[in-house]
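To start, the structure itself, in structure tokens.
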Protein chains: 2
Amino acid sequence: MATRTDPLTLEVVELIGAVVARYHEEYDRAAAEHSLTGAQARVLGLLSLEPLPMRKIAVRLKCEPSNVTGIIDRLETRGLVERRPDPADRRVKLAAATETGRRTARELRDALDFAREPLAGLSDAERAVLRDLLRRMLGEGAEGPV
Amino acid sequence: MATRTDPLTLEVVELIGAVVARYHEEYDRAAAEHSLTGAQARVLGLLSLEPLPMRKIAVRLKCEPSNVTGIIDRLETRGLVERRPDPADRRVKLAAATETGRRTARELRDALDFAREPLAGLSDAERAVLRDLLRRMLGEGAEGPV
DNA sequence: TGAATATTTCATGATGTCAAGCAAATCGGT
DNA sequence: ACCGATTTGCTTGACATCATGAAATATTCA
């Protein structure tokens, strides 16, 4: 069994650190091209799929709801998102991407090279192996993707 | 060849997103146990290996040097880091971890379960495969680890 | 009615950028 | 070798974003 100090494990951990760094670089770069911050791009991506109450956005982002207020404020100011009342519960405000917001989110997804470029060098079989290893690494506790 | 929309590639990208999220959770949690922010923990980790000029810390963090000033200020206030003059160049200030800082950095590394826990389920052979796939994913452009 | 929920506001702090400033090193022309 | 101009390293200040926590408000639920 591997201890945490064996060279192979250490190298894998280093590589994962490099993947994390690379992921953020790409994400922030793509966001910046649309004058968005990473957090704004992430929320816009969520809302481009479906409107969400503020509270649920906070859960997805793992942050306080009061924080989400500001992020949505800034997206709303730029016309990418709008607040709608929830007909079922008047306490709730649904944040929804506008048409412009959905377009921006699509462009952002397309610009995110992290998906294609680094994986392009791997064959289908290798990608399948990678998928299985990552799945097992993340274990059962990892339901929802980002 | 895989397009960016084939289901396998998409799942791998999702899994990588999950790994990134998990990595940060673990890192920030470990840092918070020592009342450190993620950025502070990262800098302290760097400085526990060797003293660095402010400028080089900024390069490692990919941020402006003026930002590093504040981070080092806060670490210095808590006695984890000290500024020393560089004998070779009097413009330069070397940030160095104090004895307390090195101890904190060591405890932090030990508390970082991301290294052991998720990888513990993989055999040596599987870890080797994972290493090779990650290496190829990152390509040649990925010299320095985090 | 009273407790719980959803959102916002306010205060505060960490992190990030950029522009401006100072001190020290380096360069180029004489 | 000298001296002025530029460059380099760091800090400061102003400002925006992101994050937390406490308090206020409105609405729902028991």
Side-chain angles (χ1 to χ4, degrees), chain A residues 21 24-25 27-29 31-47 51-78 80-96 146, chain B residues 20-21 24-25 27-47 51-78 80-96 146:
Chain A
H24 274 112
E25 271 173 54
Y27 202 92
D28 291 347
R29 182 193 49 68
E33 279 172 15
H34 293 272
S35 302
L36 292 171
T37 64
Q40 288 166 8
R42 175 131 182 255
V43 171
L44 189 56
L46 289 177
L47 298 182
L52 287 174
M54 308 294 283
R55 198 191 98 264
K56 288 200 178 174
I57 300 175
V59 171
R60 295 288 207 99
L61 260 55
K62 294 193 208 303
C63 72
E64 300 300 316
S66 62
N67 192 15
V68 177
T69 298
I71 297 175
I72 296 295
D73 280 351
R74 288 181 277 274
L75 287 171
E76 198 170 25
T77 299
R78 296 183 41 186
L80 301 172
V81 157
E82 63 182 6
R83 282 174 167 94
R84 299 177 191 158
D86 181 342
D89 186 339
R90 284 186 304 166
R91 291 172 301 182
V92 174
K93 286 176 190 163
L94 294 172
V146 193
Chain B
V20 170
H24 274 111
E25 273 173 52
Y27 201 93
D28 290 349
R29 182 192 50 68
E33 279 172 15
H34 293 273
S35 303
L36 292 172
T37 64
Q40 288 165 7
R42 174 129 185 256
V43 171
L44 189 57
L46 289 177
L47 298 183
L52 289 174
M54 308 294 283
R55 198 191 99 264
K56 288 199 177 174
I57 299 175
V59 172
R60 294 288 207 101
L61 260 55
K62 295 192 208 302
C63 70
E64 300 299 315
S66 62
N67 193 14
V68 177
T69 298
I71 296 175
I72 295 295
D73 280 350
R74 288 181 277 273
L75 288 171
E76 197 169 26
T77 299
R78 295 185 40 187
L80 301 173
V81 157
E82 63 182 7
R83 282 174 167 95
R84 300 177 191 159
D86 181 343
D89 187 336
R90 284 185 303 164
R91 291 172 303 182
V92 172
K93 286 176 190 164
L94 294 173
V146 193

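Note that these values count all heavy atoms, side chains included, but never hydrogens, waters or copies made by symmetry. Every chain is numbered from 1, with letters handed out A, B, ... down the list of sequences.
Inter-residue side-chain proximity for B:K62 and A:H24 is flagged as unmet; no heavy-atom pair is nearer than 4.5 Å. For the pair A:L46/A:L61, a side-chain contact is recorded, criterion being any heavy-atom separation below 4.5 Å from C-beta on. Side-chain contact between B:R74 and B:T37 is absent, with no heavy-atom pair separated by less than 4.5 Å. Under the 4.5 Å side-chain criterion, counting only non-hydrogen atoms from C-beta, A:I57 is not in contact with A:I71.
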Pairwise N/O distances under 3.5 Å, protein to nucleotides 23-27 of chain D:
none

Any protein N or O atoms within reach of nucleotides 14-18 of chain C? Criterion: under 3.5 Å, listing atom names and distances.
{"residue": "C:dT15", "atom": "OP1", "partner": "B:T37", "partner atom": "OG1", "Å": "2.1"}
{"residue": "C:dT15", "atom": "OP2", "partner": "B:R74", "partner atom": "NE", "Å": "3.0"}
{"residue": "C:dT15", "atom": "OP2", "partner": "B:R74", "partner atom": "NH2", "Å": "3.0"}
{"residue": "C:dG16", "atom": "OP2", "partner": "B:N67", "partner atom": "ND2", "Å": "3.1"}
{"residue": "C:dG16", "atom": "O5'", "partner": "B:N67", "partner atom": "ND2", "Å": "2.9"}
{"residue": "C:dT17", "atom": "OP2", "partner": "B:E64", "partner atom": "N", "Å": "2.7"}
{"residue": "C:dC18", "atom": "N4", "partner": "B:S66", "partner atom": "OG", "Å": "2.8"}

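Computed from coordinates, the B:D73 CG to D:dG13 P distance equals 12 Å when rounded to whole Å. Going from atom CZ of B:R55 over to atom C1' of C:dA25 covers 13 Å, rounded to whole Å. Remark: C1' of D:dA16 and CG of A:L75 are 14 Å apart, rounded to the nearest angstrom. In this entry the distance linking OH of A:Y27 with P of D:dC18 reads 12 Å, nearest Å. In this structure, B:L36 places its CG atom 18 Å from P of D:dA19, rounding to the nearest Å.
Residues passing the salt bridge (Lys or Arg N to Asp or Glu O under 4.0 Å) test with A:E33 are A:R29, sequence neighbours excluded. By the salt bridge (Lys or Arg N to Asp or Glu O under 4.0 Å) test, A:R91 pairs with A:D89, sequence neighbours left out. By the salt bridge (Lys or Arg N to Asp or Glu O under 4.0 Å) test, B:R84 pairs with B:E82, sequence neighbours left out. In this structure B:D73 satisfies the salt bridge (Lys or Arg N to Asp or Glu O under 4.0 Å) test together with B:R83, sequence neighbours excluded.
Distances shorter than 4.0 Å separate some side-chain N or O of A:T69 from OP1 or OP2 on C:dT8.
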